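Here is how names work: the chains are called A, B, and so on, in the same order as the sequence lines, proteins then strands, and each is numbered from 1. Predicted model, so just to flag it, every value in this text is computed and none were measured.
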There are 2 protein chains.
Amino acid sequence: MAEDRLSVIFAALADPTRRGILARLAEGDATVSELAEPFAISLPAISRHLKVLEHAGLITRSRSAQWRSSSLNPEPLREATAWMERYRQFWDANFDRLDAHLRRIQAQTERKDR
Amino acid sequence: MAEDRLSVIFAALADPTRRGILARLAEGDATVSELAEPFAISLPAISRHLKVLEHAGLITRSRSAQWRSSSLNPEPLREATAWMERYRQFWDANFDRLDAHLRRIQAQTERKDR
DNA sequence: TCGTTAATTAACGGATGCGTTAAACATAGA
DNA sequence: TCTATGTTTAACGCATCCGTTAATTAACGA
């Protein structure tokens, strides 16, 4: 399961190696070998991670000769952030906490009234 | 593996049922049965999802009689967002795209110079 | 054409994730 | 104390994830 876009994105971000790859790509495009270099895992493993990132839309890839260059595509990060934004009110310092409290109380009251 | 905090958080968010539970909790605390109601899965399955969310720190739980109430804890969402913020420059409209372009070019040049 | 380099695919193994049903546990209340 | 209700734990099955090594594909370049 987990075919919806957000799930695919979050799942892709749930691996530290993949987040490391994204961090590297934030500094500029890189080949598979370059991306693999900081990690103590095999090249095929990196290749799979890249496929996951590509499937999530987090990177795009191009080939030039025998090198395959990856570049960061931030769009999915924007989507994921947009989803989290819905909860920003719950932690944002500028948020009126009283309002949240009242809404919680209200929800509980409604529940008991059933 | 995947023991680091961010991985646990992202993994918890990678399931649509769990995101649905969080959305429900944003409206106020709820019991396990209440949380399970919108979903076509068994109660034990919901119970496991809650355990995952709790382990990620996304919810806190309290018991009152035989009911176990869950409440949203937004802290991990703040952490996850903070991580993504590092990439905001790549998609934010207010960002000077030329700067990003120059940094990419620069990185590629450095690589070729090796 | 042959060898080298870059990367992927194939085949496998072990761990984890997510669902189920059945059983157990915890508390309230007659 | 017995029963009903809410929730968790146990035990299982199946799919997916993540890693490995070996083999394969693709392109360059002497």
Practice item. For A:W67 and D:dA26, give me the distance from atom CH2 to atom C1', rounded to whole Å. Key: 12 Å
Study note, to complete from the structure: Ranking A:S64 and B:I46 by the position along DNA chain D of their nearest nucleotide, the one closer to 5' is B:I46
Exercise for review: May I ask you to test the B:L77-A:W83 pair for a side-chain heavy-atom distance under 4.5 Å?
Suggested key: yes
Check your understanding: Using a cut-off of 4.0 Å on non-hydrogen atoms, how would the nucleic acid contact of B:R63 be classed: base, sugar-phosphate, or nothing?
Key -> sugar-phosphate
Point to revise | d(CG, A:L35; C1', C:dT8) in whole Å | key: 15 Å
Review point. OP1, OP2 of C:dA10 versus side-chain N and O of A:R48: anything below 4.0 Å?
Key: no
Study note, to complete from the structure: Looking only at C:dT5, C:dG19, C:dA28, the nucleotide nearest the A:Q66 side chain is C:dT5
Revision key, fill the gap. To the nearest angstrom, the CD-P distance between B:E3 and C:dA15 comes to 14 Å
Check your understanding: What is the nucleic acid contact for A:S33, judged by heavy atoms within less than 4.0 Å: base, sugar-phosphate only, or nothing?
Key -> sugar-phosphate
Exercise for review: Could you state the atom-to-atom distance from NE2 of A:H55 to P of C:dT8 in whole Å?
Suggested key: 16 Å
Check your understanding: Looking only at side-chain N and O atoms, does B:R68 come under 4.0 Å of OP1 or OP2 in C:dA26?
Key -> no
Check your understanding: For the side chain of A:S7 and the backbone of B:A14, is there at least one donor-acceptor N/O pair under 3.5 Å apart?
Key -> yes
Review point. So which nucleotide from D:dT7, C:dT5, D:dT21 ends up closest to the side chain of A:P44?
Key: D:dT21
Point to revise | Close side-chain approach of A:R18 and A:L58, heavy atoms under 4.5 Å | key: no
Practice item. Select base, sugar-phosphate, or nothing to describe what A:I41 touches, counting heavy atoms under 4.0 Å on all strands. Key: sugar-phosphate
Check your understanding: For the side chain of B:L43, counting heavy atoms from C-beta on, which of C:dG19, D:dT8, C:dA28 is nearest?
Key -> D:dT8
Review point. B:E54 has an atom CD; how far is it from atom C1' of D:dT9, in whole Å?
Key: 15 Å
**Study point:** Phosphate contact (D:dT20 OP1 or OP2) by A:S42 side-chain N/O below 4.0 Å
**Key:** yes
Exercise for review: Nearest whole angstrom, please: distance from the C1' of D:dC17 to the CG of A:L50.
Suggested key: 16 Å
Check your understanding: Does A:H49 place a side-chain N or O at less than 4.0 Å from the phosphate oxygens OP1/OP2 of D:dC17?
Key -> no
Review point. D:dG19, C:dA7, C:dT9: which one has an atom nearest the side-chain heavy atoms of A:K51?
Key: C:dT9
Check your understanding: How many Å lie between CG on A:L53 and P on C:dA7, as a whole number?
Key -> 16 Å
Exercise for review: Could you please spell out the steps behind the side-chain hydrogen bond (donor to acceptor under 3.5 Å, both in side chains) verdict for A:S69 and A:T31?
Suggested key: CA-CA 4 Å; A:S69 182; A:T31 66; over 6 Å; no
Check your understanding: Roughly how far, to the nearest 0.5 Å, is CG of B:L35 from NE2 of B:H49?
Key -> 11.5 Å
Practice item. Measure from CZ on A:F10 to P on D:dT16 and round the result to the nearest Å. Key: 22 Å
